[in-house]
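Take a look at the structure set out below.
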Amino acid sequence: MNTVFNSTNNKRLYRSVLGLIFVAIVGYGFAQDPTANYPVYKGNDLGLTYAPQASIFKIWAPTAKAVRINLYKTDLGGVYDCSEQMKKATNGVWVVSIPQNLKDQYYTFQVLINNKWSDEIIDPYAKACGTNGVRAQIINLKETNPIGWEQDQSPNFSKGNKQTDAVIYELHIRDASIHANSGIKNKGKFTGLTELGTKNSSGKSTGLSHLKELGVTHIHLLPFYDYNSVDETKPNQYNWGYDPVNYNIPEGSYSTNPSDGKVRIKELKELVKTMHSNGLRIIMDVVYNHTALTANSNFNILAPDYYYRKRNDGTFSDASACGNETASDKVMFQQFMLESVLYWVKEYHIDGFRFDLMGIHDIETMNLIADTLRKIKPSVVLYGEGWTAGGSPLTEDKRAIKKNATELNGIAVFSDDMRDGIKGSVFNIDDRGFATGKLANSESVKFGIVAAGKHPQIDYTKVNYSKAPYTASPAGLINYADCHDNNILWDKIALSYKDATEIDRIKMHELAYAIVLTSQGTPFLTAGSEFLRTKNGVENSFDKGDLVNGINWDLKTRNASTYQYIQTLVKIRRAHPAFRMTSAKQIANHLRFHHNLPEGIIAYTLNGAPVGDSWKKIWVGFNGAQTSQTLSLPGGNWKIASISHKSSMKGNQLIIDGSTAVILYQ
Ligand code: CA
């Protein structure tokens, strides 16, 4: 269409240009997020400061016109005994000092915003609460210390505080003890993991004694902060707990009395102390990436829209796939996360953190956390999921994702390349991996063996997901075959290889764990897989109850040989630094893959001597094929460290059985 530029058209053009500028300014305003300009408070005394003479309460609510605190004698029901107006201080903070001994009372906050008083909410900075985390509790934290707490020390696991010296074991508190045959009295509780000498029905150790016997270094406990999905007044509800309510309070359903806030704290400290005195460290699974509630969460009521990322249309963005995503890139939430992890380390002596959907957090915040934590606990172990569960307004270059792992200061990411390389995609039930006969996955497994770093013998074009190295050092990678998510390994093998015999499936399972436990990086086991735990094919068991999730400790007896095999692998790894090299350069120099091997064999030699190992050379071989194969070993006199099933060695000829691993040394 021809357009004649006359004065009318020019006016129209002028108006539409003005309109565009207006839209651009308004749009820009939204994109810029008006809450980003709120005054922020940098003090670390938000929440309660208790003393017998007076309790001081401080809360950040920058847009509130009034704030009040309500005091209760009980944790649930009833009406408040008194309600006090708080005073506006600087930087969006409201404060009140109540000159009485309020010990053991409960409190809530309410804010007046847009001429409307909000519902009562719990203080997000609360350190104690009653049942279901509805009301915060005023306590003297010193009263929660078990006897000997001041002497509690984390056991040594590494000479130089090297993360790669850790062997991590992932466990759900309730799963550990709830089964009838656990032999544990305090079933489903924090204190269940403080019982020593417990046994299954045939006298094999369970619970804490089992963990000691297995020889792992770190127990990664699934969420034990106060979460939403279990009603603490009901004894038989189940959830993994990835739906946070109170970040700085232990979960009430794991305590023997959720109503008295001191009990859960003391019982969790008992757990930590007992684990520590038995040589085990505790890693806490933290979920700062979203909150259980969204519009009605305490954070959002105190400072509407501030703590969450939003889309341009004003709706909550949802990179967690749980309804919202928090904004670690905002000062107050960054500071909240930092203070929270510091609190867990200082008050509970926690030894490490696993960050759920770490990709939702920004790199700067994660590095601030890592750097600050290492100053007070140099041995702290840090890792996270280097991905998101959905799109996020946080640009990819800022996200703490796998692709950006080299920018993270000593925070490892999980290797989904290795996980799925070993057993097949977790999203496709039928897919198999190297350990279940899909030999095309070899390069993904080799990539995991070198801890996803730069190695001259890896053909990155053949790696399943990542086409380039993404770790700067082996401390940057967590290698694993399974975890609480998706099918547990034993079920995945059965589902993806329906016609394999049980003996074949056992061999594949053991091969998978042999790969994980001999690889560079940090190995991660999920509870019960060391004795072929099943969840009966339930893929996402987060709320599927005890019948599916509770660990059947009699499997330890039934599958004793698998258990002994994995226990031996843990022992070999911990005794030999060659499996735990500390730099990508060391790995590139001292881990050599062998060529010209039969199809389905991955084999490599580690130079032990230069990395301080008592074994001069170590030969590791995996046969992903299901038939036995013969190969020639490199020169020298090899001794057997670990050989399974029908493998055997004659001179320099090794017959390696199908679906098995062999470890030799000189
Ligand atoms: Ca709870």
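Here the side chains of His172 and Trp240 are in contact, with some heavy-atom distance below 4.5 Å. Using a 4.5 Å heavy-atom cutoff, the side chains of Tyr470 and Asp417 are in contact. A 4.5 Å side-chain heavy-atom check between Phe531 and Ile551 finds at least one atom pair inside the cut-off. Side-chain contact between Leu280 and Val216 is present, with heavy atoms from C-beta onward closer than 4.5 Å. For the pair Asn487 and Val426, the minimum side-chain heavy-atom distance is 4.5 Å or more. Using a 4.5 Å cut-off on side-chain heavy atoms (C-beta onward), Asp165 and Thr217 make no contact. At least one side-chain heavy atom of Leu271 sits under 4.5 Å from a side-chain heavy atom of Leu221. With contacts defined as side-chain heavy-atom distances shorter than 4.5 Å, the pair Phe524/Arg354 does not qualify.
Here the closest heavy-atom approach between residue Asn181 and residue Trp553 is recorded as OD1-N, 3.0 Å. When all heavy atoms of Leu489 and Ala481 are compared, the pair lying nearest together is CD2-CB, 4.2 Å. Closest non-hydrogen pair, Val516 versus Pro523, comes out as O-CB, 3.7 Å. Contact between Pro598 and Leu631 at its shortest, heavy atoms only, is CD-CB, 4.2 Å. Smallest separation of non-hydrogen atoms from Pro634 and Trp638: O-NE1, 2.7 Å. Here the closest non-hydrogen pair linking Lys617 and Asn607 is NZ-OD1, 3.5 Å.
Screening Tyr480, Phe414, Phe355, Phe353 for a ring pair (Phe, Tyr, Trp, His ring centres under 6.0 Å) involving Tyr383 leaves a single residue, Phe414.
At distances below 3.5 Å, at least one donor-acceptor pair connects side-chain atoms of Asp613 with backbone N or O atoms of Trp615. Of the possible polar contacts, one joining the Arg573 side chain to the Phe579 backbone as a donor-acceptor pair under 3.5 Å is found. In this structure, Glu530 contributes its side chain and Gly528 its backbone to a donor-acceptor pair below 3.5 Å. A side-chain donor-acceptor contact under 3.5 Å links Asn623 to the backbone of Ile656. Checking side-chain atoms of His455 against main-chain N and O of Arg592 turns up no donor-acceptor pair under 3.5 Å. Formation of a donor-acceptor pair under 3.5 Å by the Asn479 side chain with backbone atoms of Met418 is not found in this model. No side-chain donor-acceptor contact under 3.5 Å links Gln520 to the backbone of Pro474. A donor-acceptor pair under 3.5 Å is absent between the side-chain atoms of His576 and the main chain of Ala578, judged by distance alone. Thr660 places a side-chain N or O within 3.5 Å of a backbone atom of Asp657 that can act as its donor or acceptor partner. The backbone N or O of Tyr227 sits nowhere less than 3.5 Å from a side-chain atom of Asp243 that would complete a donor-acceptor pair.
Judged purely by distance below 3.5 Å, without hydrogens or angles, the side chains of Asp397 and Asn404 never pair a donor atom with an acceptor atom. In this model, no donor atom of one side chain and acceptor atom of the other lie less than 3.5 Å apart for Asn559 and Tyr565. Side chain to side chain, Asp491 and Thr534 meet the donor-acceptor criterion of an N or O pair below 3.5 Å. Between Thr206 and Thr198, the side chains place a donor N or O and an acceptor N or O closer than 3.5 Å (distance only, hydrogens not considered). Remark: the Ser415 side chain and the Lys402 side chain contain no N/O donor-acceptor pair separated by less than 3.5 Å. One side chain, Asn200 or Thr557, offers a donor N or O that lies under 3.5 Å from an acceptor on the other. In summary, the side chains of Asn289 and Ser320 do not present any donor paired with an acceptor at a separation below 3.5 Å, with no hydrogens or angles considered.
Atom NZ of Lys398 has 12 or fewer heavy atoms from other residues, nucleotides or ligands within 6.0 Å. Atom CG of Leu547 has 12 or fewer neighbouring heavy atoms from other residues, nucleotides or ligands inside a 6.0 Å radius. Dense packing is recorded around NZ of Lys162, with more than 12 heavy atoms of other residues, nucleotides or ligands lying under 6.0 Å away. Summarising the local packing, NZ of Lys544 is surrounded by more than 12 heavy atoms from other residues, nucleotides or ligands at distances under 6.0 Å. By the neighbour-count criterion of 12 heavy atoms within 6.0 Å, atom NZ of Lys650 is sparsely surrounded, having that number or fewer from other residues, nucleotides or ligands. Heavy atoms from other residues, nucleotides or ligands lying under 6.0 Å from CG of Asn596 number 12 at most.
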**Request:** Dump the intermediate steps for salt bridge (charged side-chain N to carboxylate O under 4.0 Å, His left out) on Asp482 and Lys535, then the final yes or no.
**Result:** CA-CA 12 Å; Asp482 55 353; Lys535 293 186 185 177; over 6 Å; no
**Prompt:** Under the side-chain contact (heavy atoms from CB on, under 4.5 Å) criterion, do Met649 and Leu633 qualify, and how do the steps go?
**Reply:** CA-CA 9 Å; Met649 197 172 56; Leu633 293 166; 3.6 Å; yes
**Message:** With side-chain contact (heavy atoms from CB on, under 4.5 Å) as the criterion, how do Lys556 and Ser205 come out once you've worked through the C-alpha distance, each side chain's angles and the decisive distance to 0.1 Å?
**Reply:** CA-CA 9 Å; Lys556 185 176 169 182; Ser205 61; 3.1 Å; yes
**Request:** Applying side-chain contact (heavy atoms from CB on, under 4.5 Å), run through Phe622 and Ile422 and close with a yes or a no.
**Result:** CA-CA 11 Å; Phe622 307 120; Ile422 288 175; over 6 Å; no
**Prompt:** Can you check side-chain contact (heavy atoms from CB on, under 4.5 Å) on Ile640 and Val662, steps first, answer last?
**Reply:** CA-CA 8 Å; Ile640 294 165; Val662 169; 5.9 Å; no
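A search for salt bridge (charged side-chain N to carboxylate O under 4.0 Å, His left out) contacts involving Asp504 returns nothing, not counting sequence neighbours. Contacts of Asp362 classified as salt bridge (charged side-chain N to carboxylate O under 4.0 Å, His left out), with partners at least two apart in sequence or in another chain: none. Residues satisfying the side chain to side chain donor-acceptor pair (under 3.5 Å) criterion with Glu170, sequence neighbours excluded, are His484, Thr526.
Taken to the nearest 0.5 Å, the CD1 atom of Ile655 stands 5.0 Å off from the OG1 atom of Thr630. Put simply, CD1 on Ile168 and CD1 on Ile283 are 4.0 Å apart, with the number rounded to the nearest 0.5 Å. Between the CG atom in Leu495 and the CG atom in Asp431 there is a gap of 12.5 Å [rounded to 0.5 Å]. In this structure, OG on Ser519 lies 12.5 Å from CD1 on Ile478, to the nearest 0.5 angstrom.
Between Glu510 and Lys507 no salt bridge is recorded (no basic side-chain N to carboxylate O distance below 4.0 Å). Between Arg399 and Glu325 there is no salt bridge, since no side-chain N of the basic residue sits under 4.0 Å from a carboxylate O of the acidic one. Classification of Lys492 and Glu539 as a salt-bridged pair fails, no side-chain N sitting under 4.0 Å from a carboxylate O. Asp485 has no carboxylate O lying under 4.0 Å from a charged side-chain N of Arg419, or vice versa, which leaves the two without a salt bridge. A salt bridge does not link Lys446 to Asp459: none of the charged nitrogens lies less than 4.0 Å from a carboxylate oxygen.
For the pair Arg505 and Trp490, the cation sits on the ring face: its NZ or CZ lies under 6.0 Å from the ring centre, inside 45° of the axis. Note that Arg174 lies outside the cation-pi zone of Tyr238, set by a 6.0 Å cut-off to the ring centre and a 45° limit from the axis.
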